[in-house]
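Numbered from 1 within each chain, the chains take letters A, B, ... in sequence-line order. Owing to the predicted nature of the structure, the values given are computational and were not obtained by experimental measurement.
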Amino acid sequence: MLSSTLSRPSVKHLISTCRDPQTLAQIHALVILTGSLSHPQSPGRLIAAYARLGDIAAAQSVFKTTSSHNVSTWNSLIIAQSRYNSPAEVLRLYHLMLSDGRVRPDSSTFTVALKACAQLSDLKTAEEIKTHAFGSGYKHDVFVCSSLLNLYAKCGKMDEAMKLFDEMPMKDLVSWTTMIMGFVNVGRPLEAIGIYRKMRAESMEGDEVVMVGLIQACAAMGDVRMGRSIHGHMIRRCMRMDVVAETSLVDMYAKNGSLELAHLAFERMHCKNVVSWSALISGYAQNGLASDALQMLVRMQECGLQPDSVALVSALLACSQIGFLKLGKTIHGYIEKRLEFDQILGTAVIDMYSKCGCLSSARSLFDRVGLRDSISWNAMIASYGAHGHGKEALSIFLEMSETGLEPDHATFASLLSAFSHSGLVEEGRYWFHLMLQKFGIEPAEKHYACMVDLLARAGHVKEAHELIKSMVIKPGIAVWVALLSGCHKHKTLELGEYVAGKVLELNPDDLGIHALVSNVFAAGKRWDKVGEVRKAMKKMGMRKVPGYSLVEVNGKLHAFLVEDKTHPQHEKIMEMLERLDYEMRKMGYIPKTEFVFHELEEDVKERMLCNHSERLAIAFGLLNTSPGTRIVIIKNLRVCLDCHVATKYISKIVNREIVVRDVKRFHHFKDGVCSCGDYW
DNA sequence: ATAGGGTTAG
């Protein structure tokens, strides 16, 4: 008698403080031996304890062998499944509990079941649960209600959430947080901030989770100033700087281009995990700092952390930017060995191959990746487009339509751009028309820009102009520039001067655009205008973006700046270029200096052309690879007309395929011709 | 017995 009254509280204590499964099994045995198992709370405690220690099988087994279930046994198991991240199992057990009929679910049961619905975006089941919960007297239960708020938020129904939130008589920190996060996640950061203000007005203090919501809101609004002040607020209030909060700070700084602050916040983190690294890698990659991104990936591995798919997607993006095929392939191999391809990873690899010049590898991966969504299809359409295969882009588009996936504005942007890179005027007109008529997609600026480019470049300058005039939205600079380059190409000078004026009105900040405007005026001998443009350029202090080219040789990347004389192989490179120049001239090559934007003597201009970065990179590639090897060049500007002509000759002279990716598209030079058909 | 809110990607 005495022993059993003494043992009960101590067994309870033992169960709840036990820290390893072996000890728990011994306590379990003790519970059975002392007869404490017949105590109504004992099985529930054991289930919860096994679940807490990660032994879900033991928890299930205790549940199964318990003869009479009560709310505590049911809840313990359901909560265990919830922690185990099995929302479907949670709902199965919930329904089993209902059909058992002997036990009534309580606030915890409803709360966990609703959380499972949120994870599954299962609004229908959630409505049933809500009805049941509210009918059972939990209408004003703050746990049940915040689970519902979370559910609505996850399903994008913020207006529903707001309605319920307003009706809640008691709001606690979690309900406020749920609303803030909800607005952030549906892309309404201003309203998230608004909720926070209301919360403060009701004298509720935010904790670090609230701060994460606010930091994300700042990240979305691009408001680094406010982000910094929240960062300061957290420090002043001595908030817990856990890994999630610190990572969201890194991300906020990184997403908005404040990479020094991101890096600083990163270095000062108390504890880093794969996610924090990934956030920084992604920040570098998104901001075009490919080599920083890749260095961070190396550091992540040096720290003994396995990069996850998120880190690799960012690393692949970095490889794509700089044409680092060797590393991209290595990452691809790593994924094949250790990870599963999902759509995002698949698309990132496809994009990497395409942007590194390997269209066929992109395609074979596309064929192999089973699950495709509209973004993966889109990537493939865009890839064919960039490489100048408009017809293939169209056939991929048609294949996509057959699968039942609806094309969206991005799909059409890729498709129309593919047509414009291939000069497929008929196809362009047809699908542009169908885009609105059949698919109900209103053309945006980017679609118009593709069409104007396509039409004007093909010589239909008037039609292109008519299209602009028909635009409902105000034509932006991209559209006018497309028309202007058409006018320039086809010497439509009168319209050209008018369009040049339109372009100038829109205050372009791009030197290339000014050069085009100036060239159009020069063609019409409007020297006064030419002078004005140049003066304006000087006044704006516009400097030419220095051209550079990258080439991968034997797995290493080499960069060449325009007129770069510092390269260790400089003399050899110049020798090679002179030799090629000699051969080219024998074949009829005449340097085209009209795009050199300087008042210089002809021979100086000619020498400058030879110093264009892609020439240096090509020569270097030829010198350092075995005969027949394909050379891929990545260039940060557009290929100039002269380099284009010259590269065609070079491909024939050295009998090599030379692939050049410029800012607009790919050029595959082979046997004296370019895949773009001189149409770019 | 125990419950609800948080970080990175194409």
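Taking the six-membered ring wherever Trp is involved, the centroid distance between the rings of A:F412 and A:F397 falls below 6.0 Å.
Across all strands, A:Q216 comes closer than 4.0 Å only to sugar-phosphate atoms, never to a base (heavy-atom distances). Residue A:N150 is classed as a sugar-phosphate contact, given heavy-atom separations below 4.0 Å to backbone atoms only. Note on A:I375: a base of the nucleic acid sits closer than 4.0 angstrom, heavy atoms only. Counting non-hydrogen atoms under 4.0 angstrom, A:D342 reaches a base of the nucleic acid. Within 4.0 Å of A:E208, counting heavy atoms only, lies at least one base atom of the nucleic acid. Within 4.0 Å of A:K255, counting heavy atoms only, lie sugar-phosphate atoms of the nucleic acid but no base atom. Counting any heavy atom pair closer than 4.0 Å across all strands shown, A:S107 reaches a base atom. No engagement by A:A285 is indicated, since no non-hydrogen atom pair under 4.0 Å with the nucleic acid exists. Note on A:A48: only backbone sugar-phosphate atoms sit closer than 4.0 angstrom, heavy atoms only; bases stay farther off. If you check every strand for non-hydrogen atoms under 4.0 Å, A:T73 touches nothing. Residue A:K154 is classed as a sugar-phosphate contact, given heavy-atom separations below 4.0 Å to backbone atoms only. Across all strands shown, A:V243 has heavy atoms under 4.0 Å from base atoms, whether or not it also approaches the sugar-phosphate. Contacts of A:L173 with the nucleic acid, taken as non-hydrogen atoms under 4.0 Å apart, include base atoms. Looking at heavy-atom distances under 4.0 Å, A:V142 makes contact with a base.
Residue A:R83 has no polar side-chain atom (N or O) positioned under 4.0 Å from OP1 or OP2 of B:dT2.
Comparing atom distances between the A:F143 side chain and each of B:dG4, B:dG10, B:dT7 picks out B:dG4 as nearest.
Residues A:N75 and A:S72 bring no donor and acceptor atom of their side chains to less than 3.5 Å of each other.
Ion pairing between a basic and an acidic side chain is recognised when a charged N comes within 4.0 Å of a carboxylate O; A:E202 and A:K171 show no such pairing.
No side-chain heavy atom of A:T247 sits under 4.5 Å from any side-chain heavy atom of A:V244.
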